[in-house]
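Note that the structure is a prediction, hence the values are computed from the model and not measured.
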Amino acid sequence: MALHLKDKEAFQRLNYLYQAAHCVLAQNPENVELARFYSFTQKTIAKRLVLRQDPSVKRTLCKRCCSLLIPGVTATTRQRSKQLFSTRFTVMRCLSCGQRKTLLNNPDYCLWADRPQAQLEQQKQKGEKLKIMYDIITKLYKHSMPKPSSAQGTTST
């Protein structure tokens with residue numbers, strides 16, 4: 001069964017803009033402004049249509065200047081660790097604006113959207129919505145049907 005997306009064409013456009021920004025930087029690493037324009041357009045469309053982007057896409061975009069964060073080309077990447085908590089972080093610094101992005105570097109961490117509980121919760125919510133819709137439809141159907149009267153069942157001679 002095919003998954004029905006809210007705005008399939010909008011997601012295709014976002015995907016195209018993201019890939020176009022990558023291709024522009026792959027062909028000419030000096031052409032950062034065009035890639036930034038594509039990324040800014042992508043972010044604007046997603047915001048206007050209230051669409052959630054995948055976390056992997058959001059991690060590769062700078063929040064301040066909307067440029068792609070490609071290590072060695074448009075960003076520097078460093079590995080940091082805090083001995084007190086024994087956690088590791090990846091710190092990405094945008095070369096255009098200097099914005100820093102700190103990402104947790106835990107191999108055991110799993111996003112909530114990737115967990116099986118999230119999938120079950122979404123299915124339960126869909127089931128509850130369907131049940132509510134079914135109840136509403138049956139109530140409307142019962143109210144719209146004419147009630148049989150007792151006078152129709154008897155005949156007078």
| query | Under the side chain to side chain donor-acceptor pair (under 3.5 Å) criterion, do S96 and R36 qualify, and how do the steps go? | reply | CA-CA 10 Å; S96 298; R36 186 182 299 162; 2.9 Å; yes
Side chain to side chain donor-acceptor pair (under 3.5 Å) pairs touching residues 42-54, sequence neighbours excluded, are D54-S56
Hey, are the side chains of I70 and L25 touching, using non-hydrogen atoms and a 4.5 Å cut-off?
yes
query = Does the side chain of T76 come within less than 4.5 Å of L95's, by heavy atoms?
reply = yes
CZ of R100 to CZ of R64, rounded to nearest 0.5 Å, is 10.5 Å
With side chains defined as the heavy atoms from C-beta onward, is the minimum distance between R93 and C62 less than 4.5 Å?
no
How about N31 and Q27: does a side-chain donor come under 3.5 Å of a side-chain acceptor?
-> no
Is a donor on one side and an acceptor on the other found under 3.5 Å between the side chain of T74 and the backbone of L68? yes
Rounding to 0.5 Å, atoms CG (L69) and OG (S39) come to a distance of 9.0 Å
(request) Treating Ile, Leu, Val, Met, Phe, Trp and Tyr as nodes and any side-chain heavy-atom pair under 4.5 angstrom as an edge, say whether L61 and V73 lie in one connected cluster. (result) yes
Check whether any side-chain heavy atom of C65 lies under 4.5 Å from a side-chain heavy atom of C94, and answer yes or no.
yes
Task: Side chain N106, main chain D108, donor-acceptor under 3.5 Å - done: yes
When rounded to the nearest 0.5 Å, the distance separating CG of L17 from CZ of F37 is 8.5 Å
*asked:* Less than 4.5 Å apart, side chain to side chain, heavy atoms only: is that true for Q79 and F89?
replied: no
Taken to the nearest 0.5 Å, the spacing of I45 CD1 from R13 CZ works out to 3.5 Å
